[in-house]
Asker: 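Dumping the structure here so I can ask a few things about it.
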Amino acid sequence: MARLRIEALSKSFGGTDAVREVSLDIADGEFLVLLGPSGCGKSTLLRMIAGLEDPTSGRILLDGRDITTEPPQRRDLAMVFQSYALYPHLTVAKNIGFPLRARRHSRAAIAERVERVAATLELSPLLDRRPAALSGGQRQRVALARAMVRDPGAFLMDEPLSNLDAKLRSATRAELIGLHRRLGATFLYVTHDQVEAMTMATRIALLNAGAVEQVGTPEELYDRPRSTFVAGFLGSPPMNLFPAVVHSRDGGLRVRADGVDAALPIADRVDDQPVIAGIRPEQLRLDPDGGAVRGRVTMVENLGSEELVHVEVGATTLCARAPRPAGARVGEPIGFRVDPAHVHLFDPDSGLRLTWRAPSDTAAPEPDAARAVPVP
Ligand SMILES: Nc1ncnc2c1ncn2[C@@H]1O[C@H](COP(=O)(O)OP(=O)(O)OP(=O)(O)O)[C@@H](O)[C@H]1O
Ligand SMILES: [Mg+2]
């Protein structure tokens, strides 16, 4: 059992605020991914939780117990690093058993436990080898086994897959998902790789410059990004974002920009409100009669099963993603239709998502009863 609670945790290095007032509640058995660009404070946050770095302020609670100043070995947490940090002169079995030997368990108890963990991770045939004679993926599993051998309440992992090649990374990803399911332990996992985050996380905490930008399920972050930062971080290629204006026409709202005139699923009246509009590449549906977005093809990228079509629309370039062959030719005009439910709007100043407050007492939205308000 391991429920982690982080309260307004901050860390400054001299003048750098690496982590700024981060608060998170991580339920027992969760797979929480700390995601964000390089330098946003992911490792610093994880190292504070592990006890390898002293917080400047804030608290860390494990199952309700304040562990902010406890030494790492008393925290019931196991850390797995990007560099596996295996002992080169020890066999796989000795590497895995190391934490138990350090705690003076009996030789028989260690052997039994090492064998059990090695079997779980399919390392049994490799127990007598030294790390130099293992592949990257096997070394990674030994590092994991060494973390598992103590049966900790929670695993803290800092980019454990980043040294693996693409194929092995995806295999180990699947292995970690299975392992989490089997162990039922709490996983706190750092990565800057959005594919890892989307596929493994039960929840993602997206960090931006040391602060939490949004916490939610992968679907919540992808479908309802709280800000342009989240919208631009998740998705490959990311959401198209461009300046536009929202205005009323025929009892509904439309979003308009040079080359763009798309309906919004909102009945309201608004006088030319400036916004940042967002449309995901897969939501630009190629349509010869499509009037919502019109432009000229500048480039077509072949991804194998799909194509990325880059389109000059007014002053901006948008990217559409479609099954190959999409039938787009460079230099030619092209049109798309857009499902109104998949147009995102953001405040141009704060970058926060705009949402229309539904009128509280009527089923159908009424004109003038709602206003665009940034939702924090
Ligand atoms: N020991 C340190 N002394 C001074 N500054 C540090 C120290 N450790 C980290 N920093 C700074 O704190 C900020 C956050 O660093 P951190 O390593 O936590 O980022 P990260 O999100 O893990 O990045 P990456 O994805 O590149 O690993 C960075 O600006 C970094 O330069
Ligand atoms: Mg890091």
Side-chain angles (χ1 to χ4, degrees), residues 4-24 26 30-60 67-69 71-72 75 77-86 136 139-140 143-144 147 154-166 168-170 172-173 176 186-201 203-216 218 221 225-236 238 351:
L4 267 168
R5 189 182 164 86
I6 293 152
E7 293 178 350
L9 206 59
S10 297
K11 177 73 185 180
S12 310
F13 294 106
T16 315
D17 291 333
V19 173
R20 295 184 291 140
E21 304 237 337
V22 168
S23 294
L24 283 171
I26 304 155
E30 238 193 298
F31 198 132
L32 187 103
V33 170
L34 294 171
L35 178 68
S38 183
C40 73
K42 304 180 295 294
S43 295
T44 305
L45 180 55
L46 200 71
R47 289 170 56 79
M48 285 194 285
I49 297 167
L52 303 172
E53 201 85 71
D54 288 330
T56 307
S57 59
R59 295 205 306 165
I60 304 161
I67 57 161
T68 316
T69 54
R75 293 193 180 202
L77 307 168
M79 180 107 176
V80 183
F81 298 93
Q82 171 184 352
S83 60
Y84 322 122
L86 301 178
R139 276 178 220 173
Q140 186 55 61
L144 263 174
F155 291 90
L156 311 178
M157 305 192 185
D158 195 349
E159 313 233 11
L161 307 187
S162 57
N163 284 345
L164 307 182
D165 66 37
L168 203 53
R169 201 156 57 223
S170 107
T172 316
R173 216 161 55 209
L176 276 178
T186 310
F187 279 45
L188 190 52
Y189 186 102
V190 162
T191 186
H192 62 266
D193 182 327
Q194 52 159 315
V195 176
E196 277 179 29
M198 293 294 289
T199 51
M200 298 200 286
R203 279 195 309 157
I204 297 173
L206 182 57
L207 298 184
N208 178 15
V212 173
E213 185 83 15
Q214 185 171 3
V215 187
L221 267 70
R226 192 182 157 269
S227 63
T228 48
F229 180 85
V230 183
F233 195 84
L234 287 177
S236 175

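In each ligand, atom 1 is the first atom listed, and ligand 1 is the first ligand listed. Here, residue 1 is the first one in the sequence, and each next residue gets the next number.
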Asker: Look at atom 6 (C) of ligand 1 and say whether a protein heavy atom is found at less than 4.0 angstrom from it.
Answerer: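 Within 4.0 Å: yes, protein heavy atom nearby.
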Asker: Going by distance alone, is a donor N or O of one side chain under 3.5 Å from an acceptor N or O of the other, for Glu213 and Ser227?
Answerer: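 Yes, a side-chain donor-acceptor pair sits under 3.5 Å.
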Asker: Can you list the ligand 1 atoms lying under 4.0 Å from a non-hydrogen atom of Glu159?
Answerer: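 Those qualifying, in numeric order: 25 (O).
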Asker: Can you check which of Leu207, Asp158, Thr44, Val190 brings a heavy atom nearest to atom 15 (O) of ligand 1?
Answerer: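 The nearest heavy atom belongs to Thr44.
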Asker: Ignoring hydrogens, tell whether any protein atom lies closer than 4.0 Å to atom 31 (O) of ligand 1; use the non-hydrogen atoms only.
Answerer: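 No, there is none.
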Asker: May I ask you to identify the nearest protein heavy atom to atom 26 (O) of ligand 1, giving residue, atom name and distance to one decimal place in Å?
Answerer: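 Here the closest protein heavy atom is Ser38 OG, 2.5 Å.
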Asker: Any side-chain heavy-atom pair from Ser38 and His192 closer than 4.5 angstrom?
Answerer: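 They are not in contact (no side-chain heavy atoms under 4.5 Å apart), so the answer is no.
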Asker: Is Ala18 close to ligand 1, meaning an N/O of one under 3.5 Å from an N/O of the other?
Answerer: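 No.
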Asker: Step by step, would you call Phe233 with Asn208 a side-chain contact (heavy atoms from CB on, under 4.5 Å)?
Answerer: CA-CA 10 Å; Phe233 195 84; Asn208 178 15; over 6 Å; no
Asker: Who's the nearest protein heavy-atom neighbour of atom 27 (O) of ligand 1, and how far?
Answerer: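 Protein heavy atom at minimum distance: Ser43 OG, 4.0 Å.
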Asker: Rounded at 0.5 Å granularity, tell me how far SG in Cys40 sits from CG in Leu35.
Answerer: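 Here the rounded value is 7.5 Å.
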Asker: Rounded to the nearest 0.5 Å, what separates atom CE in Met200 from atom CE in Met157?
Answerer: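 Answer for the CE-CE pair, Met200 versus Met157, is 8.5 Å.
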Asker: If you measure from CG on Leu9 to CG on Leu24, what distance do you get to the nearest 0.5 Å?
Answerer: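 Going from the CG atom of Leu9 to the CG atom of Leu24 covers 9.5 Å.
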Asker: Decide yes or no on side-chain contact (heavy atoms from CB on, under 4.5 Å) for Leu161 and Leu176, but give the supporting numbers first.
Answerer: CA-CA 10 Å; Leu161 307 187; Leu176 276 178; 4.1 Å; yes
Asker: Any heavy atom of Cys40 closer to ligand 1 than 4.0 angstrom?
Answerer: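 Yes.
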Asker: Which residue owns the protein heavy atom closest to atom 9 (C) of ligand 1, what's the atom, and how far is it?
Answerer: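 Checking every protein heavy atom, the shortest distance to atom 9 (C) of ligand 1 gives Phe13 CE1, 3.5 Å.
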Asker: Could you tell me whether the side chain of Arg203 and the main chain of Glu30 form a donor-acceptor pair under 3.5 Å?
Answerer: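 Side chain of Arg203 to backbone of Glu30, a donor-acceptor pair under 3.5 Å: no, none is there.
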Asker: Specify the protein heavy atom at minimum distance from atom 25 (O) of ligand 1: its residue, its atom name, and the distance to 0.1 Å.
Answerer: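 Among all protein heavy atoms, the one nearest atom 25 (O) of ligand 1 is Lys42 NZ, 2.8 Å.
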Asker: The Mg ion (ligand 2) and Thr44: any N/O/S contact shorter than 2.8 Å?
Answerer: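 False for Thr44.
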Asker: Is the shortest N/O to N/O distance between Gly39 and ligand 1 below 3.5 Å?
Answerer: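 Looking only at distances, the answer is yes, because the N/O contact criterion of under 3.5 Å is met.
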